[in-house]
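A short write-up of the structure that comes next.
Letters go in sequence order (proteins before strands), and every chain restarts at 1. The figures that follow rest on heavy atoms only: side chains count, while hydrogens, waters and symmetry mates do not.
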Number of protein chains: 2
Amino acid sequence: MEGMTIGQVSRQTGVGIETLRFYERESLIPAPPRNRSGYRMYQPEAVARIAFIRHAKALGFSLADIRELLFLRVDAAASCLEIKEIALARIADIEVRLSALTRMREALQDLAGTCRAGRSAGECQLLDSLLAGNFVDAESLSLDRIEEQ
Amino acid sequence: MEGMTIGQVSRQTGVGIETLRFYERESLIPAPPRNRSGYRMYQPEAVARIAFIRHAKALGFSLADIRELLFLRVDAAASCLEIKEIALARIADIEVRLSALTRMREALQDLAGTCRAGRSAGECQLLDSLLAGNFVDAESLSLDRIEEQ
DNA sequence: TATAAGGCTGTACCTTGGTACAGGGTCAAG
DNA sequence: CTTGACCCTGTACCAAGGTACAGCCTTATA
């Protein structure tokens, strides 16, 4: 039986051996055929599928999203539109995170500006602001709040 | 012995009871005195400290960062400058995340634009792009890459 | 033929920031 | 005196995405 061993696939794709077995357990890649010793023998399609996973991960898709995309691909009834919807949902998600991070950066920049050389930590305005919480707009947009929804 | 019970502190700060005990285990708040039944009796400083933690968390500080800030605050030798450095490191971190997310959004928007109504999932350009990985600039800036550094 | 490199399964462990009990003791009201 | 609301400790568990062994088998190379 021909094909690549798990080590060869790992080197070719840059995905660790343990991770490949993990993806198989998680149904992200189908169980490959085995040779007579029980070794996994991967076909070229498996390598393409692993590339797909790597690329989707790089775009911020979760493994659950990726599993969904892979099943849609095989499902002849699924349409391009359903896939676009998943992508648009991810874009919306990214935009929420972008605005939260932007607010956080602004609040932090303001606070960092209040630090004065020569002052002790006990006199630090930044720490005082954290106690007082006078940066409420940043807090109302924190990632935690968003993730709770 | 006077002070507030853990339930009163929880209601006043909006931080759950289990979370307060968790913060105590993690050395984010000092162990409060106990009454003769072993109940935690919190003093007003504890409430202020919990507010500090809540505000710092809202700005994206990890609990480890917060612990560091709290220790610096007590340490008379610590300077405002050291605190500013922690804040600047967090700002730099946020900026890296912002640019990675921006690239991801752009790559996803491009891909979503290739989806055409009426096509089946098998013909979807977005999925094909994920297989081919022809959006390399997004990948080279993925969050995973950054977190590995 | 010895030995290293690589493969197998199964299970446990890691991070972060909590959350959920179980099985008890305590306190205030009726 | 009982009931319900609190509080205590200790332990286990959750998501996500892996990582690390232990203990064993197979394959390639010198």
Tabulated below should be each protein N or O lying under 3.5 Å from an N or O of nucleotides 3-5 of chain C; please produce it.
none

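With sequence neighbours left out, the salt bridge (Lys or Arg N to Asp or Glu O under 4.0 Å) criterion links A/R40 to A/E24. Residues satisfying the side-chain contact (heavy atoms from CB on, under 4.5 Å) test with B/A92, not counting sequence neighbours, are none.
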Inset, instruction - Output, in order, the C-alpha distance, side-chain angles, deciding distance and verdict of side-chain contact (heavy atoms from CB on, under 4.5 Å) for A/L63 and A/Y23. - result: CA-CA 9 Å; A/L63 296 188; A/Y23 285 169; 4.1 Å; yes
Legend entry - Secondary-structure notation, DNA chain C, from Watson-Crick and G-U pairs under 3.5 angstrom (| other strand): ||||||||||||||||||||||||||||||
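Residues A/R73 and B/D128 are paired through a salt bridge, judged by an N-O separation under 4.0 Å between the basic side chain and the carboxylate.
Taking every heavy atom of residues 20-29 of chain B and every atom of DNA chain D, pairs under 4.0 Å involve B/R21, by number.
Within the structure, side chain to side chain donor-acceptor pair (under 3.5 Å) pairs that include any residue of residues 9-22 of chain B do not occur (at least two apart or interchain).
Distances from the side chain of A/S37 to the nucleotides D/dG18, D/dT26, D/dA20 place D/dT26 closest. The side chain of A/S62 approaches D/dG17 more closely than any other nucleotide in the set C/dC8, D/dG17, D/dC7.
When all heavy atoms of B/E2 and B/Q43 are compared, the closest pair comes out as O-OE1, 3.0 Å.
The base of C/dC21 sits within donor-acceptor range of the side chain of B/E18, with an N or O pair under 3.5 Å.
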